[in-house]
Amino acid sequence: MSFFWYDWAGYLGVALVLLAFFLLQERKLQGSGLVYQLMNVLGAIGVMLSLGFGNFNLSAFVMQVAWLLIGGYGIVRGIQRRRETRERS
């Protein structure tokens, strides 16, 4: 069994998403925090690369696109909240 770069990207992506969730449960990360959102976005990209260059699976790809969009939304909302907080101060 040979592993290609996109296989490793997928494994790393899965590891990032799972680690983000674990750290959230351990209260080491905040769900609205930038690190948590970036781990999810980068994890989704890794899995999408694996799916795109390896064996494609539409349902898994759709889930990763949704994960990416939700994480992107979280990053944008976090930036907006920080700006609003600074403007009030």
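Below, each value reflects all heavy atoms present in this structure, side chains not excepted, and no hydrogens, waters or symmetry copies.
Residues Leu23 and Met39 come closest through the heavy atom pair CD1-CE, 4.4 Å. Heavy-atom minimum distance, Ala44 versus Leu68: CB-N, 4.0 Å. Minimum interatomic distance between Leu24 and Leu29 (heavy atoms only, all atoms of both residues): CD1-O, 3.6 Å.
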Identify every side-chain donor-acceptor pair in residues 75-82 under 3.5 Å, counting partners at least two apart or on other chains, and give the distances.
{"residue": "Arg77", "atom": "NH1", "partner": "Gln80", "partner atom": "OE1", "Å": "2.9"}

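A search for side-chain contact (heavy atoms from CB on, under 4.5 Å) contacts involving Gln25 returns Phe21, not counting sequence neighbours. Contacts of Phe4 classified as ring-ring contact (aromatic ring centres under 6.0 Å, His included), with partners at least two apart in sequence or in another chain: Tyr6.
The hydrophobic clustering, which links ILVMFWY residues whose side-chain heavy atoms are closer than 4.5 Å, places Tyr73 and Val65 apart. Leu51 and Ile70 are members of different hydrophobic clusters when ILVMFWY side chains are connected at heavy-atom separations under 4.5 Å. In the hydrophobic clustering of this structure, Val62 does not group with Val17; members are Ile, Leu, Val, Met, Phe, Trp, Tyr whose side-chain heavy atoms approach within less than 4.5 Å, directly or through other members. There is no path of hydrophobic side-chain contacts, each under 4.5 Å, that joins Tyr11 to Leu19.
Within the structure, the side-chain hydrogen bond (donor to acceptor under 3.5 Å, both in side chains) test picks out the following pairs touching residues 43-63 (sequence neighbours left out): Asn57-Ser59. Judged as a ring-ring contact (aromatic ring centres under 6.0 Å, His included), the pairs with a partner in residues 23-72 (not counting sequence neighbours) are, in order, Trp5-Phe53, Phe56-Phe61.
Residues Leu16 and Asn40 are not in side-chain contact: their nearest non-hydrogen atoms beyond the backbone lie 4.5 Å or more apart.
Atoms CG and CG, from Leu12 and Asp7 in turn, are 12.5 Å apart once rounded to the nearest 0.5 Å. Taking CE of Met63 as the reference point, atom CG of Leu58 lies at 13.5 Å (rounded to 0.5 Å).
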